[in-house]
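Worksheet for the structure shown next.
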Amino acid sequence: MITYAFRRLGHALLVLWATFTATFFLLYVLPGDAALSKAGVGGDGATLSPAELARVRADLGLDQPVVGQYATALLHALRGDFGTSTQTGAPALSMYVEAVPETLKLAGAALLLGLVAGTGWALLAAWTRWRLLRQALLALPAVGVSIPTFWIGLLLIQVVSFRWQLLPAIGNDGVRSLVLPALVLAVPTAAMSAQILSRSLEATLHAPYVETARARGASRSRVLLRHALRNSVLPVVTALGMTAGHLVGGSVIMETVFSRSGVGAITVRAVNVQDTPVVLVAVVFAAVVFVGVNLLVDLLYPVIDPRIQLRTARRTGLLRAGVAT
Amino acid sequence: MPVTHLLNPETRPEGRPMTPAVPQDEAPDLLTIEDLTVEYLVGGRRVRAVEQADLSVSSGEIVALVGESGSGKSSIAHAVLGALPAAGRIVGGRIGFDGLDLARLSERRFNQVRGRSLGFIPQDPMSSLNPLHRIGTQVTESIRIHRSASRAEAARQAVELLDRVGLPEPAARARQFPHELSGGMRQRALIAAALAGAPRLLVADEPTTALDVTVQKVILDDLSALARSGGIAVLVITHDLAVAADRADRIVVLRHGRIVESGTPDAVLGAPCHPYTRMLLASAPSLAAGRRRRSRPAGRSTPGATVTEPGGHRAPVAPTSGRDLVRVDGVTKEFRVPHTDRNQGWFRAVDDVSLTIGRGETLGLVGESGSGKSTLARLILRLTPPTAGRIAYDGTDIADVDRRGLRGLRARAQLVYQNPYGSLNPRLTVRQIVAEPLVGFGIGDRSARGRRVRELLDQVGLPGDLAERRPAELSGGQRQRVAIARALAPSPELLVCDEPVSALDVSIQAQILDLLADLQVELGLSLLFVSHDLAVIRQVADRVGVMRAGRLVEIGPADQVFHRPGHGYTRTLLAAIPGQGFGTRATGRAA
């Protein structure tokens, strides 16, 4: 178990390093550079003399050979130094990290909301005996997955904020401003987990152990909650890893649509002005979230299913028990 | 446990010729099924699965419901449990139990009966326990549901129940998860779970089909004891007439949803009146006498084939070329076992095994699950390399052959798999499936292949018009015939059959075994026949090898192994074959 965790951690670090490297070189080969955009020029560099431009480049270390730049950047990044923003001059990392809590609030709320709604939805579909309702409940998540979130966001702003004036349309103050964006961001998560869980429940409800539980007089709800749900939840947990990616990407859209501050807003601005250090931080941060969530998911499997923890031990365990009988 | 309910006096169906006399003791029947008709909605059509079935079980009695797949035996069991699939419906009759009519019970009321006075033992212990709950929790689930017992009380009871069904170290077992227990132990846990509610009727759906014979015997002993000492009525659903013969007080034979015969084992098996029962009896491997050998004129048989003696029996080994086809010398196969807390390293699946397979001979390899018999078969086919030892095929060491030689070897030694439902590609037609080895080995041109496929289908007794069908349109027996035809396509000398009939109904089993016997005589094939079922092995093998935990504990001529076994384990296996007394009686075999 502990070796398993360590091995997974090793994989995680490898992925982070690869992300950093890929992003670094990708940004390097992009046309134009930070010196140009910092100098406030468009494409031609006419307002700055070549000498001045060279000085700015030297300031930013852009005159070094690329491998040297990369080595320096990597060493600094390991110490938590991703350089300073070419726009504001503030340290890129702290600038970014300061914005994290707001985004975390949004993504966390959306994740929670999405999982609860999705699970409830799938359970209701499995529980109801009314065929029409079941079919409706099974069909709707496909729609939820397909609709673009910004469209739902704009619609809700129109109706809830402008017409009914119930909730604020924009801004970052308090829980009230969080409701709409979190709700919208939760829709794809909810729809996807409802779809996966429904499919999985359907299979599980036909498993022999479920039939055996019914033969013990277990009621529908007991069968569903005690026997079927936990056995069906693994695919949803797997999808959770993917969901983390969606949420990071989705937050960027939501923060734009609802004019919220957060890492989304910072990322968008950094990309627009080619603020390389900040973009690098943004990508690495997204990778950290992704890798972290997936690591968590991997470690969660054995908690949910005792057979996974013993995946390697199972065969021998069975054999030993078989010999004992 | 006093019987307090009242049953209608007219519950016994009178004047039905097939219904036996009222059981010896005058105990009123606990379960009375009358005129039960069950229908399924299949593709908009209503299909009768059970037709006007009458059946009764009284306390302390074991009634066996016997039939092949599709006979409706499971539908009756599910109807009694109120667990028919969504497409199934009881359209007529009643199921009297404990003063209730189970055919007309709401789900809510049913849930008060199930797990309390009505217990259920499922078919497959491997998948019938929730993998995420501890054994103890599942054993006492019905107590928690019906008596709202506290957690501590339930935990105490779980240990008691597991002890009662004879599980060693019940307290430790109760805390384990299903995957940590063997099949036999799981089935005992399931029996304990069924007993938790102190049931008066147990419905057991093929309770031992998935288990090894020695384990089967123990489980059946448990069930018998429960009925005898506990006064519990037991309704056993089984495809195995031999199991029914050994254990039941009464046997009910079902075919196509109708009860064709019922009575005491002596009556049903000793003097079966229905032709279907006679057919079942004749095909039941463990009830049938010795070797299955139909003498077909051996005109086409190649040199090297065995000599068929008059009277259908043949000499155990009659190799004509003097050299054995396969020679296995001190072969060991070890698998790397991922390290666990204690046991690190290698698992020895096959342990220093030596044997030979003569030309035209059938070697039966028998053993329980995990004995290494399948691994040995794979080693002989060089599907996996041995860790130590040497395997010679027709004099050449198969470890030495190069890529090209291996292809030649593959054509000469073919494999028939266990599960005809999984071994045929569902997207291909029968013709494509049978022709595949011909294409693979580059045998013949297009038209020659077409002729060969027709010839092969004819050889395995399949009509030619099946050639354009796909596996899904075939029955299990037909599929296995296709698999055999495919194996025969490159004209092999050796056919390795890994449990070729264990997924089939007994009457189909008999047909496939006959087919293999015929083909062997006709083509002079050598057969390596791997099976867990001694009774099947007895019908086909010239010589028998018995494997246990990777070792070949005994090998010898079939007669010797079956009648004068040298090893204690062989004797245990033989003693565990169900239906032995009846086998002798029914067929008058002087063994």
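Here the structure is a predicted model, which is why all the values come from computation and not from measurement. Below, chain A is the first sequence line, B the second, and so on; all start at residue 1.
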*Taking side chain as C-beta onward, heavy atoms only, is Glu211(A) less than 4.5 Å from Pro122(B)?*
no
*Find the distance between NE2 (His179(B)) and CG (Asp305(A)) and round it off to the nearest 0.5 Å.*
8.0 Å
*For Arg222(A), does the CZ atom have more than 12 heavy-atom neighbours from other residues, nucleotides or ligands under 6.0 Å away?*
yes
*Looking only at non-hydrogen atoms, find the nearest pair between Arg114(B) and Ala215(A) and report the distance.*
CB-O, 3.4 Å
_Arg216(A) side, atom CZ; Leu118(B) side, atom CG - distance, nearest 0.5 Å_ = 13.0 Å
_Looking at every heavy atom in both His146(B) and Gly217(A), which two are closest together, and how far apart are they?_
NE2-CA, 4.0 Å
*Looking at Gly115(B), Ser127(B), Gly119(B), which has the largest count of heavy-atom pairs under 4.5 Å with chain A?*
Ser127(B)
*Tyr209(A) to Leu129(B) - nearest heavy-atom pair and separation*: CB-C, 3.5 Å
*Measuring from Glu141(B):CD to Thr212(A):OG1, what's the distance to the nearest 0.5 Å?*
10.0 Å
*Counting only heavy atoms closer than 4.5 Å, note whether Ile121(B) contacts chain A via side chain, backbone, both or neither.*
neither
*Between Asn111(B) and Arg214(A), which heavy-atom pair has the shortest distance, and what is it?*
OD1-O, 4.3 Å
*asked:* Could you check whether His227(A) and Gln138(B), counting side-chain N and O atoms only, form a donor-acceptor pair closer than 3.5 Å?
replied: no
*Work out which heavy atom in Pro131(B) is nearest to a heavy atom in Pro306(A); give both atom names and the distance.*
O-CG, 3.6 Å
*Toward chain A, the part of Asp124(B) with a non-hydrogen atom under 4.5 Å*: neither
_Using a 4.5 angstrom heavy-atom cutoff, name the option from Ile145(B), Asn130(B), Leu81(B) with the most pairs to chain A._
Asn130(B)
*Below 4.5 Å, heavy atoms only, C-beta onward: do Glu107(B) and Arg220(A) meet side chain to side chain?*
yes
_Can you confirm whether Glu202(A) is buried at CD, in the sense that more than 12 heavy atoms of other residues, nucleotides or ligands lie under 6.0 Å from that atom?_
no
_Options His133(B), Gln112(B), His78(B), ranked by heavy-atom pairs under 4.5 Å with chain A, top entry_ = His133(B)
_Closest contact, heavy atoms only, Thr137(B) versus Arg226(A)_ = CG2-NH2, 3.3 Å
